Every structure is written in structure tokens, then in C-alpha cells.
Amino acid sequence: KYMKDHPLKQDDQAWLIVDKDNWKEKQLKELFSWSKKNKKYGLAVSSPSFKYWLLLHFEDGKNIYSSHTCQQRLQKYLPGYNKQIDNYKFKQGIEEAIKRARQKDTPQCIDWPRETGTTVYRLVENLI
């Protein structure tokens, strides 16, 4: 509805960012189909959750199989983390996070990560 009322301008893009653990396969397929309707649309999925993308700013993210495990690991770097993001702490690690996410996305997934991984780096590369 928002996009119908506010059409994209020439340099605009519209992205959906979701956690895989909160979406069923059918729902992800719908989001992916939407993202293919227009070259200005994108879909970024993190599995198991967006916290995984944040964790990649600090480490390689190996052996993460659940959102809970991801949260625990992230708290090693950000004690007391509760979804509030200190941009400065993440800005320093952005290039490493992109590199790590891209390495895990090899070969590049067509739609979304089926295992632990994230495609948020694709959006961030567009922003940079």
C-alpha cells in the first residue's frame, strides 16, 4: 500500500529484509516473487535471523544453528544487546561482514539461504 501511494523515484529501491526463522517456505516464495517483479526490488534474508548479519561484523559465524545461539554469540561482542544498534560498532566491521557473508553465499543463492547465512550484504553493497 505504501508503495502504491509513494511510487519509487528514479534512484530509489525497495527492499524487504526478513529473518528466515519467522517465515514459512510459501511466504518466502511470495516475497521472492515480489522481488523479481521489478529490478528496483530486492529481498534480503538472514538465516536463522538478522542477528546473524550483525554477528558477521565481529566473527565468521561458524556453528550457528538457531537464533538463540546467534544471540548468545553476539552478546560476547555486545554485552546486553537487545536489538538496539550502536551504528559506530557496526560501521567498523561492515567490510568484513560483507566479505564473510559473500563467502558463505558461494555459490550465490538464487533466492534465500537454506542454511545459516544472509543476503543482507547485497543490500548493503547497494547502499555503499
Side-chain angles (χ1 to χ4, degrees):
K1 183 181 182 325
Y2 180 85
M3 290 179 60
K4 286 180 183 176
D5 296 341
H6 303 88
L8 295 178
K9 295 179 182 131
Q10 183 176 347
D11 293 334
D12 288 348
Q13 294 182 17
W15 282 75
L16 299 172
I17 304 168
V18 298
D19 295 345
K20 185 177 176 217
D21 67 351
N22 291 331
W23 296 82
K24 294 181 179 9
E25 186 90 5
K26 181 180 177 185
Q27 293 170 311
L28 287 169
K29 284 180 183 178
E30 287 179 41
L31 297 179
F32 180 70
S33 291
W34 172 85
S35 74
K36 293 302 172 196
K37 287 181 181 178
N38 188 316
K39 65 181 181 175
K40 292 181 163 199
Y41 294 174
L43 174 65
V45 179
S46 291
S47 177
S49 68
F50 186 76
K51 292 180 213 84
Y52 187 72
W53 164 247
L54 300 179
L55 183 63
L56 293 179
H57 287 69
F58 303 101
E59 64 162 78
D60 64 11
K62 289 184 181 175
N63 300 315
I64 299 291
Y65 304 107
S66 71
S67 185
H68 178 72
T69 307
C70 193
Q71 172 86 17
Q72 288 178 319
R73 289 266 281 285
L74 186 57
Q75 286 183 331
K76 288 197 304 191
Y77 304 98
L78 301 170
Y81 169 78
N82 64 355
K83 295 191 179 190
Q84 299 299 320
I85 297 175
D86 178 347
N87 293 336
Y88 180 74
K89 290 179 182 175
F90 292 101
K91 187 176 182 181
Q92 292 178 330
I94 195 76
E95 292 299 327
E96 280 300 307
I98 291 170
K99 182 176 120 183
R100 290 172 179 141
R102 189 183 301 113
Q103 286 173 340
K104 294 195 176 297
D105 192 25
T106 303
Q108 194 174 65
C109 68
I110 295 168
D111 44 20
W112 62 86
R114 297 299 197 264
E115 304 295 326
T116 303
T118 182
T119 56
V120 171
Y121 77 94
R122 297 175 189 176
L123 167 60
V124 175
E125 285 178 324
N126 276 328
L127 293 173
I128 292 174

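For reference, positions follow the sequence shown, starting with 1. Model, not experiment: these values are computed from the prediction. Below, all heavy atoms of this structure are taken into account, side chains as well, without hydrogens, waters or symmetry copies.
Rounded to the nearest 0.5 angstrom, Phe32 CZ and Glu25 CD are separated by 11.5 Å. Here the CD-NZ distance, from Glu96 to Lys99, works out to 4.5 Å after rounding to the nearest 0.5 Å. Separating the NZ atom in Lys51 from the OG1 atom in Thr118 is a distance of 12.5 Å, to the nearest 0.5 Å. Put simply, CG on Leu123 and CG on Leu16 are 10.5 Å apart, with the number rounded to the nearest 0.5 Å. Atom CZ in Arg73 sits 6.5 Å away from atom CG in Asn63 (nearest 0.5 Å).
Without hydrogens or angle criteria, Tyr52 side chain to Gly61 main chain gives a donor-acceptor distance under 3.5 Å. Of the possible polar contacts, one joining the Thr116 side chain to the Ile64 backbone as a donor-acceptor pair under 3.5 Å is found.
Using a 4.5 Å heavy-atom cutoff, the side chains of Val45 and Pro113 are in contact. Between Lys62 and Lys104 there is a side-chain heavy-atom pair separated by less than 4.5 Å. Side chains of Tyr77 and Glu59 form a contact here, defined as non-hydrogen atoms less than 4.5 Å apart. Annotation: side chain of Glu95 is in contact with side chain of Ile128 (closest heavy-atom distance under 4.5 Å). For the pair Asp111/Leu28, no side-chain contact is recorded, criterion being any heavy-atom separation below 4.5 Å from C-beta on. Taking 4.5 Å as the limit, some side-chain heavy atom of Asp105 sits within range of a side-chain heavy atom of Arg122.
Identified under the salt bridge (charged side-chain N to carboxylate O under 4.0 Å, His left out) test for residues 12-22, with sequence neighbours left out: none.
With a 6.0 Å radius and a threshold of 12 heavy atoms from other residues, nucleotides or ligands, Gln75 has its CD atom above the threshold.
Both Met3 and Leu43 are members of a single hydrophobic cluster when ILVMFWY side chains are connected at heavy-atom separations under 4.5 Å. Linking Ile, Leu, Val, Met, Phe, Trp and Tyr residues whenever their side-chain heavy atoms come within less than 4.5 Å leaves Val124 and Trp112 in two separate clusters.
The ring pair (Phe, Tyr, Trp, His ring centres under 6.0 Å) test applied to Trp34 returns Tyr41, not counting sequence neighbours. For Gln27, the side chain to side chain contact (heavy atoms under 4.5 Å, CB included) test picks out Trp23, Lys24, with sequence neighbours left out.
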Start with the C-alpha gap between Leu56 and Val120, add the side-chain angles, then the distance that decides, and say whether side chain to side chain contact (heavy atoms under 4.5 Å, CB included) holds.
CA-CA 11 Å; Leu56 293 179; Val120 171; over 6 Å; no
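Here the closest heavy-atom approach between residue Leu8 and residue Lys40 is recorded as CD1-CB, 3.9 Å.
Aromatic ring pairs are classed by plane angle as parallel below 30°, tilted from 30° to 60° and perpendicular above 60°; the pair His57 and Trp53 is perpendicular.
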